[in-house]
Amino acid sequence: MSRTTIGFGIALIVAGLGGYLLGGASSFTALIPALFGLALVGLGWWAGRGNEKTAMHIAAVVGLIGTLAPLSRIIPGLTAGGELGVAFWSNVAMFVISGAFFALCVKSFVDARRARAATAK
C-alpha cells in the first residue's frame, strides 16, 4: 500500500501544480492539493520503511480530510450556477483523488482485519 500512497500523492501534486499554473499562478491556495500530495508521498515513503500500520492510518486521515475539505467549494460552485473555473475543477480533482485513496485505505484495513481473523482460527 505504500507505493499506492505515493502514487496518489503524486496525482495530488500534479493536480495542485496544474491548478496553480492554469489559474495564472496568482493564489497560493491553489497549491493545497499539492500539499496534501506531499504529505501522502512522505507517509508512503515512511510506510515503506517498516512503519506501515501507523503511516497508513495517518495517510487515511489525510485522505479523509482531502475528501471532505473540497466539498466546501464544490457544493457552492454547483449551486451558484455560474462559470465553473479552474479552482472548481482543481477541487473536484482533489475530492476524487482523495476519495479514491480513502476508499482503498478502508478496503485495505478491512482486508487486513479479515486476514488476521482467518489466521487466528
query: Between atom OG1 of T67 and atom CZ of F102, what is the distance when rounded to the nearest 0.5 Å?
result: 7.0 Å

query: What is the minimum heavy-atom distance between N91 and P70, and which atoms define it?
result: O-CB, 3.4 Å

- prompt: Could you state the interatomic distance from CZ (R73) to OG1 (T29), rounded to the nearest 0.5 Å?
  reply: 7.0 Å

- prompt: Does L31 belong to the same Ile/Leu/Val/Met/Phe/Trp/Tyr cluster as L38, with side-chain heavy atoms less than 4.5 Å apart forming each link?
  reply: yes

- request: List the steps, then state whether side-chain contact (heavy atoms from CB on, under 4.5 Å) holds for H57 with V61.
  value: CA-CA 7 Å; H57 280 84; V61 171; over 6 Å; no

query: Does S90 reach the main-chain N or O of V86 with its side chain, forming a donor-acceptor pair under 3.5 Å?
result: no

message: I need the W45 CH2 to N51 CG distance, nearest 0.5 Å.
response: 9.0 Å

query: Between V62 and I13, is there a shared hydrophobic cluster once you connect ILVMFWY residues whose side-chain heavy atoms come closer than 4.5 Å?
result: no

- prompt: Can you hop from I65 to L35 via hydrophobic side chains spaced under 4.5 Å?
  reply: no

query: If you take all heavy atoms of F109 and A60, which pair is closest and at what distance?
result: CE1-CB, 3.8 Å

- line: Rounding to 0.5 Å, atoms CE (M94) and CG (L68) come to a distance of 10.0 Å

field: Intermediate values then yes/no, side-chain contact (heavy atoms from CB on, under 4.5 Å), L43 and M56
entry: CA-CA 7 Å; L43 289 164; M56 291 313 303; over 6 Å; no

field: ILVMFWY cluster, L17 and F28 together (side-chain gap under 4.5 Å)
entry: yes

message: Is there a side-chain contact (heavy atoms from CB on, under 4.5 Å) between S2 and R49? Walk through the geometry before answering.
response: CA-CA 9 Å; S2 63; R49 299 284 177 235; over 6 Å; no

- prompt: What class does the angle between the rings of F8 and F101 fall in, given that below 30° is parallel, 30 to 60° is tilted and above 60° is perpendicular?
  reply: tilted

side-chain contact (heavy atoms from CB on, under 4.5 Å) evaluation trace for W46 with I58: CA-CA 11 Å; W46 186 32; I58 296 170; 3.8 Å; yes

message: Test your reading of the model: is there a side-chain donor-acceptor pair from S108 to the backbone of L104, 3.5 Å cut-off?
response: no

- request: Look at the side-chain heavy atoms of Ile, Leu, Val, Met, Phe, Trp and Tyr, link any pair under 4.5 Å apart, and say whether L40 and F95 land in one connected group.
  value: no

Donor-acceptor under 3.5 Å (T79 side chain, P76 main chain): yes

